[in-house]
Undergrad: 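This is the structure I have questions about; it appears just below.
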Amino acid sequence: MAWTREQMAERAARELEDGFYVNLGIGIPTLVSNYIPEGMSVQLQSENGMLGMGPFPYEGEEDPDLINAGKQTITALPTTSYFSSADSFGMIRGGHIDLSILGAMQVAQNGDLANWMIPGKMVKGMGGAMDLVAGVKKVVVVMEHVAKGKDGSESPKLLKACDLPLTGTQVVDMVITDLGVFTIDKKGEGGMTLVELAEGVTEDEIRAKTEGAFKVALR
Amino acid sequence: MAWTREQMAERAARELEDGFYVNLGIGIPTLVSNYIPEGMSVQLQSENGMLGMGPFPYEGEEDPDLINAGKQTITALPTTSYFSSADSFGMIRGGHIDLSILGAMQVAQNGDLANWMIPGKMVKGMGGAMDLVAGVKKVVVVMEHVAKGKDGSESPKLLKACDLPLTGTQVVDMVITDLGVFTIDKKGEGGMTLVELAEGVTEDEIRAKTEGAFKVALR
Amino acid sequence: MKKVYPDPKAALAGLLRDGMTIMAGGFGLCGIPDELIDAIQASGVKDLTVVSNNAGIDGVGLGKLLDTRQVKKMISSYVGENKEFARQYLGGELEIEFNPQGTLAERIRAGGAGIPAFFTKTGVGTKVAEGKEVREFDGESYVMERGLFADLAIVHAWKGDTEGNLVYRKTARNFNPMMATAAEVTVAQVEHLVEPGKIDPDHIHTPGIFIGRILHVPVREKRIEQRTVRKRKEPEAAAAGGGQI
Amino acid sequence: MKKVYPDPKAALAGLLRDGMTIMAGGFGLCGIPDELIDAIQASGVKDLTVVSNNAGIDGVGLGKLLDTRQVKKMISSYVGENKEFARQYLGGELEIEFNPQGTLAERIRAGGAGIPAFFTKTGVGTKVAEGKEVREFDGESYVMERGLFADLAIVHAWKGDTEGNLVYRKTARNFNPMMATAAEVTVAQVEHLVEPGKIDPDHIHTPGIFIGRILHVPVREKRIEQRTVRKRKEPEAAAAGGGQI
């Protein structure tokens, strides 16, 4: 049984530590905020200029001047501070954010990441993704293990080398898919290592669905 | 009759224009604030992080958190804003200050300026002087025409080339001395031009006390 | 030295010309100088290069200038919400230069602060670094990016005084403060215009020196791009989008 | 995750080691983290490289660390007010690296913002540019300067909350905000320590992310370096030091 989106988010939340400042991408990463352990202080950064992001507002309490990087209405917390985009990305680029959890189209065994454009399709832009993966101390990717084509075909997303245009080179520390968890020695020679299996998933199944080389060190 | 310090400051004040943002150096330049014409809006910048600098405080009203770049206690105005040193010098370096009036040890005919160190003497540092002359739109130097030695000897300060370590190269637009006023075509080939004489001062006297080459175009 | 102008048209009078570069503050539809954008549309000025993190949505914000084909080129980080944009771009009618959001913010800040170029890790080894100098510092590779400076910047602030001192509100701050510093002339629209001295000088985000012209825009309804709410009955912990316990 | 420490000694415990680089906020004696400096003096840590715009005055501020010869090198813009400094410098006991004030401020800001190097006009053609790369952009020459990052930064703020959000007061802000961003660990001393939520989030100058430890220092008398006043009878226009009509 592969993990659900919620289970993937829950697993990603285990990378949080007390006192962490964290930036969450759109999609499954956003769900991680639901699994912050009680008693743990985690401040969420929104790269459009906010630290200490609160939950969505109650209906009727939306404030057009208070949105997150996904342009959704949100709320503030007692810890909140606001700042400019330049200060926000100074914070990101300067290595002050402890953890970034984000989605991906492809990840290579050396930590290369592709998640912003598909040649031939309309390009929307990279937004803050390149800054986040280059600047944040630890980058965790949460994604489906394989891409599913419209015809039902499956193609691996964990590759020897990305063929889509890159968001960053040697930037990913960990990949959480619906099938398991991999660590990547992004700055060293250690390559990619499978460290956890989703319940009921076998090493063989993962091997069949992964193009990139990986060692196995289940814990 | 050479100009007094007050007359030099008064002359320098004629370079002010309505709406100008101005940085004044220590010494005679500070006196310029006494000659801002009535009805003219001039905001003084203090490079330690303030725009809209007011007069000295009344005795007993000094605030240790409110000083100018000369470390003197000052006051605020209704127009005042405070900012960091990085923002302050962003303002200066970015060319947002209209006019800087400052003192000098030497000025060369091409606009080179020396005003921060004398080799062999204790060096105190350049403070913000190099940033100001490099960044401010118009730089006016106010200084005595000649340097007086302890033995009463006089040596010119307006030179062909500065021999003291430079604060900036081709940065001075105008020099106001106790004897007259010079303009300098700092970015072009126009050189230095004598444009005004202090009352009772002759062109010959100036020529005798000036090493740098200059044209004359009195107005 | 009067900085206050009565309406958007007057505030932009004499500042617009074909082919110019305009910076426009805002993130999505949050903190955009919409009334000034409307006035630019009305002026008919064209062949604009517009520097803005996003390009508005269809018929709103910068989307209006796209509708009227006044924009030749966008310098942005993300333009996903605009169908007319996609149409013009795919049809080759519109040029786009994508910048990583942080690089865009820093290029603008640099332009305003007299810094012609700087180095950043962002984008090394990607399309963004193509054709740019890449250099190693202390064993890491960085790409050189250039400062940006515009002919005109238009910004939106919550409060301003007649001297041009500005205060932004919440995440409507975003790109506005840097853009205010990085143009020959900056025009600010403010929701509340007050006399000098009414804003605590420690609370000012943009000092008046950067603002050439200022304009009071009456409070009106602001657009929300992604209205996202939670039910009153739901426990807080179940709400996505952020959390702190 | 507790950031609040009971006293300066505790706030610096485990952070000090010989030969380290420390940034210290302040301009002159304005906005200096004096209680933290006292604790560094008391610790006896030595061979320090200190990044600070000034070097205090004799027996006050960083002057104390000079008195006890704990400083090996200063990175500053102006050190004129300190006799002991001059003695040690002329005697070859103390190294000094002068930076133009704006270059120093920007190097610190760059260090905190992940920018390893940038170009500036300041200092081109002077001693400051010697040995550094000079490059032309759009017909003007600029010198390349490097970002600065320290092992420890100590800053002074007016108000702070237990999350580390800081507000500075008037010109006591100066170098403190950039330094807070440019060190492995930043320790802040604040005159008023409050609970989160007590500071308007639009008024925060330094977000708590930059502050590792925070310390309440009771209000005491602050030193004034150049007490300058005007007589009550004097007309305002006659007062030097500034003016606006």
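Predicted, not measured: the structure shown is a model, and the values here were computed from it.
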Undergrad: For chain A, find which of C:G80, C:P100, C:C30 contributes the most heavy-atom pairs closer than 4.5 angstrom.
TA: C:P100
Undergrad: Do A:L51 and A:F83 come within less than 4.5 Å of each other through their side chains, counting heavy atoms only?
TA: yes
Undergrad: Considering only heavy atoms, which portion of C:N99 lies under 4.5 Å from any heavy atom of chain A: side chain, backbone, both, or neither?
TA: backbone
Undergrad: Has the side chain of C:Q189 got a donor or acceptor atom that lies under 3.5 Å from a matching backbone atom of C:E35?
TA: yes
Undergrad: Taking the six-membered ring where the residue is Trp, are the ring centres of A:F182 and A:F214 under 6.0 Å apart?
TA: yes
Undergrad: If you look at every heavy atom in C:E191 and C:H216, which pair is closest and at what distance?
TA: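 Closest approach of C:E191 to C:H216, heavy atoms only: O-NE2, 3.1 Å.
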Undergrad: Can you say whether C:E130 sits under 4.5 Å from chain A via the side chain, the backbone, both, or neither, judging by heavy atoms?
TA: neither
Undergrad: Between A:D112 and A:Q170 (side chain of the first, backbone of the second, donor and acceptor by atom type, cut-off under 3.5 Å), is there such a pair?
TA: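 A pair under 3.5 Å: yes.
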Undergrad: So for A:L66, is it side chain, backbone, both, or neither that comes closer than 4.5 Å to the heavy atoms of chain C?
TA: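 Both parts, backbone and side chain.
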Undergrad: Given a strict heavy-atom distance threshold of 4.5 Å, which part of C:R227 is in contact with chain A: side chain, backbone, both, or neither?
TA: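 Interface part for C:R227: both.
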Undergrad: So what's closer than 4.5 Å to chain C heavy atoms on A:S46: side chain, backbone, both or neither?
TA: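 Contact with chain C is absent: no heavy atom of A:S46 under 4.5 Å.
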Undergrad: At their closest point, which heavy atom of A:E62 faces which heavy atom of A:E59, and how far apart are they?
TA: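 Heavy atoms of A:E62 and A:E59 come nearest at OE1-C, 4.1 Å.
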Undergrad: C:R223 versus chain A, heavy atoms under 4.5 Å apart: side chain, backbone, both or neither?
TA: backbone
Undergrad: What residue, out of C:I96, C:N54, C:I108, has the most heavy-atom pairs lying under 4.5 Å from chain A?
TA: C:N54
Undergrad: Side chain, backbone, both or neither: which part of A:V133 has a heavy atom under 4.5 Å from chain C?
TA: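 Looking at A:V133, nothing touches chain C.
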Undergrad: Flag the one option from A:G128, A:G49, A:P57 with the top tally of heavy-atom pairs under 4.5 Å to chain C.
TA: A:P57
Undergrad: Between C:Y168 and chain A, which part of the residue has a heavy atom less than 4.5 Å away: side chain, backbone, both or neither?
TA: neither
Undergrad: Could you check which of A:L166, A:V22, A:T73 has the highest count of heavy-atom pairs closer than 4.5 Å to chain C?
TA: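 Most heavy-atom pairs under 4.5 Å with chain C: A:T73.
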Undergrad: Are A:K71 and C:F27 in a cation-pi setup, meaning NZ or CZ lies under 6.0 angstrom from the ring centre and within 45 degrees of the ring axis?
TA: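 Yes - A:K71 lies over the ring of C:F27, closer than 6.0 Å to its centre and within 45° of its axis.
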Undergrad: Given the options C:R109, C:M178, C:E221, which has more heavy-atom pairs under 4.5 Å with chain A than any of the others?
TA: C:M178
